[in-house]
Amino acid sequence: MDGVRLLRLGKRLTDLGRGVVADPSSGTLTPGETAVIADVFKHPGSSVQDIRARTGFVQSHISTSVQRLRERGLLDATPDPADGRRTLLSLTDRARRAVRERATRPAEQAISAALPDPGQARRVIELLDELAEHLLP
């Protein structure tokens, strides 16, 4: 397998994964908003600058995403006790529950829908489980 094919496979798997964890009923999140939620989920109590440093997005993009997520009730903001000029962000309970629920959805249905042959789908699921054992920490 060459690098380009590996990248194409990675994109296809990412697209399938997004289909599993997306929730169309809750409205669509932009990739930036998704990155902010993922970052704050892993690092509660982060500032906009912390998120910017970890995600690589520009500060204005992070700030806009944070504002929209706060308006939607997905992020809480509290003043930093060490520096009142900074705001620390965390997920609301509602957002945390949604992230956990979506992250644990099984992917088998999405993989089966992507492949017309049920036998192929079962084999791909087995191979993906094996790859995950080898490549994920």
Side-chain angles (χ1 to χ4, degrees):
M1 175 177 293
D2 61 35
V4 172
R5 192 161 188 209
L6 181 61
L7 286 171
R8 287 180 60 220
L9 175 60
K11 181 173 181 343
R12 180 68 173 125
L13 292 173
T14 297
D15 291 345
L16 286 170
R18 279 193 184 121
V20 173
V21 300
D23 183 4
S25 67
S26 69
T28 303
L29 296 176
T30 67
E33 291 167 345
T34 301
V36 168
I37 286 176
D39 187 79
V40 175
F41 183 80
K42 292 178 195 168
H43 307 281
S46 293
S47 69
V48 167
Q49 285 299 323
D50 297 332
I51 298 166
R52 183 203 55 76
R54 287 188 295 263
T55 63
F57 287 113
V58 296
Q59 181 175 339
S60 62
H61 188 73
I62 297 294
S63 295
T64 300
S65 294
V66 164
Q67 183 60 37
R68 285 193 301 241
L69 292 167
R70 287 182 66 193
E71 289 169 359
R72 291 173 71 177
L74 299 174
L75 283 182
D76 283 328
T78 57
D80 184 342
D83 180 354
R85 297 169 294 168
R86 285 174 24 124
T87 300
L88 303 180
L89 302 165
S90 58
L91 295 183
T92 62
D93 289 339
R94 177 179 144 227
R96 201 174 0 274
R97 280 190 307 273
V99 168
R100 284 193 183 112
E101 189 274 328
R102 292 175 191 144
T104 59
R105 287 180 182 163
E108 287 80 357
Q109 185 176 2
I111 294 167
S112 294
L115 296 164
D117 181 325
Q120 278 184 329
R122 279 191 301 278
R123 178 69 178 133
V124 166
I125 291 165
E126 290 170 3
L127 289 169
L128 289 172
D129 283 338
E130 186 176 336
L131 282 172
E133 288 178 31
H134 292 296
L135 296 177
L136 296 178

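Below, each value reflects all heavy atoms present in this structure, side chains not excepted, and no hydrogens, waters or symmetry copies.
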Legend entry - Donor-acceptor contact below 3.5 Å, side chain R105 vs main chain V20: yes

Inset, instruction - May I ask you to decide if G73's main-chain N or O and T92's side chain share a donor-acceptor pair within less than 3.5 Å? - result: yes

Are [X] and [Y] close enough that some pair of their side-chain heavy atoms sits under 4.5 Å apart?
X    : Y   : answer
T55  : H61 : no
L128 : L13 : yes
D50  : D39 : no
L74  : E33 : no
K42  : R54 : no
V66  : T87 : no
L91  : L75 : yes
V58  : R52 : no

Would you give the length of the straight line joining atom [atom1] of [X] to atom [atom2] of [Y], rounded to the nearest 0.5 angstrom?
X    : Y    : atom1 : atom2 : answer
K11  : L16  : NZ    : CG    : 10.0 Å
I125 : I111 : CD1   : CD1   : 5.0 Å
D80  : S46  : CG    : OG    : 11.0 Å
L127 : R122 : CG    : CZ    : 13.0 Å

Legend entry - ILVMFWY cluster, V36 and L88 together (side-chain gap under 4.5 Å): no

Legend entry - Same apolar cluster (I L V M F W Y, side chains within < 4.5 Å links), L131/L7: no

Legend entry - Pair T34, R18: side-chain N/O donor-acceptor within cut-off below 3.5 Å: no

Inset, instruction - Inspect the surroundings of CZ in R86 and state if more than 12 heavy atoms from other residues, nucleotides or ligands are less than 6.0 Å away. - result: yes

Inset, instruction - Taking atom CD of Q49 as the centre, report whether more than 12 heavy atoms of other residues, nucleotides or ligands fall under 6.0 Å from it. - result: yes

Inset, instruction - Heavy atoms only: give me the nearest S65-G32 pair and the separation to one decimal. - result: OG-C, 3.8 Å

Legend entry - Salt-bridge criterion met for R123 and E126 (N-O under 4.0 Å): yes

Legend entry - Pair D93 + R96, salt bridge at N-O below 4.0 Å: yes

Legend entry - Residues forming a side-chain hydrogen bond (donor to acceptor under 3.5 Å, both in side chains) with D2, sequence neighbours excluded: none

